[in-house]
Amino acid sequence: MKLLRISSLLLVVAGSAGAQQAATTPRDAAVPPAWDVLLRPRTHVPKPTTSAITAEDLRTRLYIFADDSMQGRLLATAGNVKGTDYIAGELKRMGLEPMGENGTYFQTVNIVDRSYDSATRLSVGSTNFAPWTDYVLRDQGSGARSLDGVQAVFGGTWGDSASLIDATQASGKLVVLRLSPSSASPGTGGGVNRSQVTRRFSTAAGIAVASLEAMAPQLVQIYQQKNQLVKDGTDPSVPSFMYVTQRVANSLLNASIDSLKSGAAGATVSSTPRYREAPVEFPGRNVVAVIRGSDPKLREQYIAIGAHNDHVGFSTRPVAHDSIYVINHLFRTGGADDRPPQLDAAQQAQVNALIADIRRRSNGTSARPDSIYNGADDDGSGSVSALEIAQYFAAQKVKPKRSLLFVWHVGEEEGLYGSEWFTDHPTVPRDSIVAQLNMDMIGRGSAADNTGITKEGHRYSGNPNYVQLVGSRRLSTELGDLAETVNKSGKSPLSFDYLMDANGHPTNIYCRSDHYEYARYGIPIIFFTTGGHADYHQVTDEPQYIDYDRMARVAQYVADLATKIGNLDHRPVVDKEKPDPKGQCVQ
Ligand SMILES: [Zn+2]
């Protein structure tokens, strides 16, 4: 599952600067953490998998897929290529039909590395300004307009709409804006809502916001990093966008920005700072395969079963595994969804005592330096469950009437890249997909895990039968009802938690995994997850902490539901309003 949203990252940045540290997250789970799990072995001897969906098969698969050698499976890295090779190899062994490109199991997502082109500068006359100190160029695609020979104009104060010049006055110009204190969103320090500003001055050549002094240095560092993004067609023509210092603003405007009236003409800019794009070294690949249905007509329709093959890679700053585990399980029970805690003296003493005890009992091995985000739960659990489900159906003599489409999406963590790409460029007709069942993080959910939070902010925990369903009735009431019926008819029903699916829930979970990319096209979906926990997006998300029995139950249930939908005499009826495929996701 991808991180909450960029603003939460900014809050973390602001918090770590020490400016506004939040109180630590109180522990609020039903039972205390079991520290003995830190003594569990980190290795597992693989056994041949069977056609049944079993905890042992899932364990074998996950210890391979979430191994340190996969380096955290980050999009467009060697580790992710290795992980997707493993999935494709298993599919081949099981005899699934490849449904990627050119007769392969892979669909390559067009991803580019984007970084600042250090050969370019912002210049006025003979004065060259320095990137990252005088100005911060924001990533706006290769369609960013040229500033060569463009005149600057003072656009007014953002946050005081009466002071702003008309869009027509800004047309073809570099609009320089001042910021009112109230328009800086809390924690971001000098940032503005870029899409709002760009919409207001959509025909400008460029936009420069004079607030760089207020921006946290850590944020400037984040902006400075190379990033990867999906490139689909030509980038739209948009204004160049940057933050500048007051000094640069004065120079652009030929006067002190504080003394000017809106619409005052400034200097002419003589060069354009730009980003540059380069092909990625390692491909970002979805893995796609099909099991054909048994009905000659209905086999042209598909039940899509999905998970994501990527995670967030590794850090160059190792931490002691036991120490981060103990701190997070006591004081950061939502993992990366919570801010890093600041411990007081008593809390630090509690942590130290626990760690000392565990180190004594593990002969010090629990203190191993750890830098790899293994993503055993996120989304190793969904990925290996999809493999187990594929093996289960592949061995069946009589398949469901409809076909089963398995997609392991890449780049989910970076922003649902692979699922966006697959649904924009589906390898089967999009309208032939009758439902999508997404599994993302289905290996936890115990009473010691902080699995969710109510809309009102009360944290809660899981139980032995726990699983969350998200979005199950957002397009098709019938699909949501089927999910209930199939569960109740099973031998040991799971206990469904719908609290995270509440409309307007601040954690926005409906918009945070791959299923949404299907839902935006009106395909009914269900997102299955056993919820959050203290190891979410931490180096401690490792295979020895996974509940394999529960994962097997959830996977079997998803297989049973797929069978039910696959054999229906009609496709699940969509009785709710379809979203705008290009619009913003709303929970
Ligand atoms: Zn994630």
Side-chain angles (χ1 to χ4, degrees), residues 1-9 12 62 65-66 70-77 79-80 83-84 87 109 111 227-228 230 284 286-287 306-315 324 328 332-340 370-386 407-420 438-445 449-453 467-468 470-471 500 505 507-517 525 527-543 545-546 551 554 585 587:
M1 184 152 60
K2 79 181 167 107
L3 263 177
L4 193 46
R5 58 180 77 89
I6 189 76
S7 61
S8 65
L9 177 69
V12 169
L62 194 59
F65 192 64
M70 299 281 181
Q71 301 178 329
R73 304 187 304 276
L74 180 70
L75 169 71
T77 63
N80 185 266
T84 47
I87 295 171
V109 181
I111 293 161
N227 64 355
Q228 286 170 333
V230 177
N286 292 327
V287 189
H308 69 88
N309 65 50
D310 66 309
H311 192 54
V312 299
F314 58 86
S315 158
I324 201 85
N328 288 347
R332 199 184 188 188
T333 59
D337 261 359
D338 293 338
R339 291 191 198 189
D370 198 352
S371 58
I372 295 173
Y373 293 85
N374 302 75
D377 188 34
D378 185 7
D379 185 24
S381 63
S383 290
V384 301
S385 293
V407 188
W408 288 262
H409 307 95
V410 76
E412 189 270 356
E413 302 287 7
E414 308 301 309
L416 316 184
Y417 286 178
S419 50
E420 180 183 24
N438 181 33
M439 297 173 285
D440 189 357
M441 301 171 60
I442 57 168
R444 299 290 294 265
D449 286 321
N450 174 193
T451 54
I453 184 166
V467 67
Q468 285 179 21
V470 177
M500 296 291 282
H505 194 297
T507 60
N508 209 30
I509 190 170
Y510 177 60
C511 304
R512 287 172 55 192
S513 188
D514 295 314
H515 56 272
Y516 182 70
E517 300 292 346
I525 64 92
F527 169 25
F528 300 94
T529 175
T530 47
H533 48 80
D535 304 306
Y536 169 69
H537 280 215
Q538 302 292 321
V539 294
T540 50
D541 183 5
E542 294 189 345
Y545 306 132
I546 294 291
M551 208 206 298
V554 175
C585 175
Q587 175 168 340

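Both ligands and their constituent atoms are indexed starting at 1 by order of listing. Just so it is clear, the values below take in all heavy atoms, side chains as well, and ignore hydrogens, waters and symmetry mates. Because the structure is predicted, anything quoted here is derived from the model rather than measured.
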- Item | Name of whichever N/O/S atom of D378 is nearest to the Zn ion (ligand 1) |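 Of the nitrogen, oxygen and sulfur atoms in D378, the Zn ion (ligand 1) lies nearest to OD2.
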
- Item | Short N/O/S contact of H311 with the Zn ion (ligand 1) (below 2.8 Å) |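 Here the distance criterion (N, O or S atom, under 2.8 Å) is not met by H311, so no.
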
- is_close_aromatic(Y510, H505), centroid dist under 6.0 Å: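 Ring-ring flag for Y510/H505: false, centres at least 6.0 Å apart.
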
- Please check if the side chain of T529 supplies one atom and the backbone of Q468 the other of a donor-acceptor pair under 3.5 Å.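 Looks like no, no N/O pair under 3.5 Å.
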
- Message: Closer than 4.0 angstrom, basic N to acidic O: yes or no for D378 and R444?
- Response: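 No, no charged N to carboxylate O under 4.0 Å.
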
- E413 OE1 and M1 O subtending at the Zn ion (ligand 1) (10° steps):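 Rounding to the nearest 10 degrees gives 80°.
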
- Message: Looking at F314, I'd like to know if the NZ or CZ of R73 sits under 6.0 Å from its six-membered ring centre while staying within 45 degrees of the ring's axis.
- Response: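 Checked: cation-pi criterion not met.
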
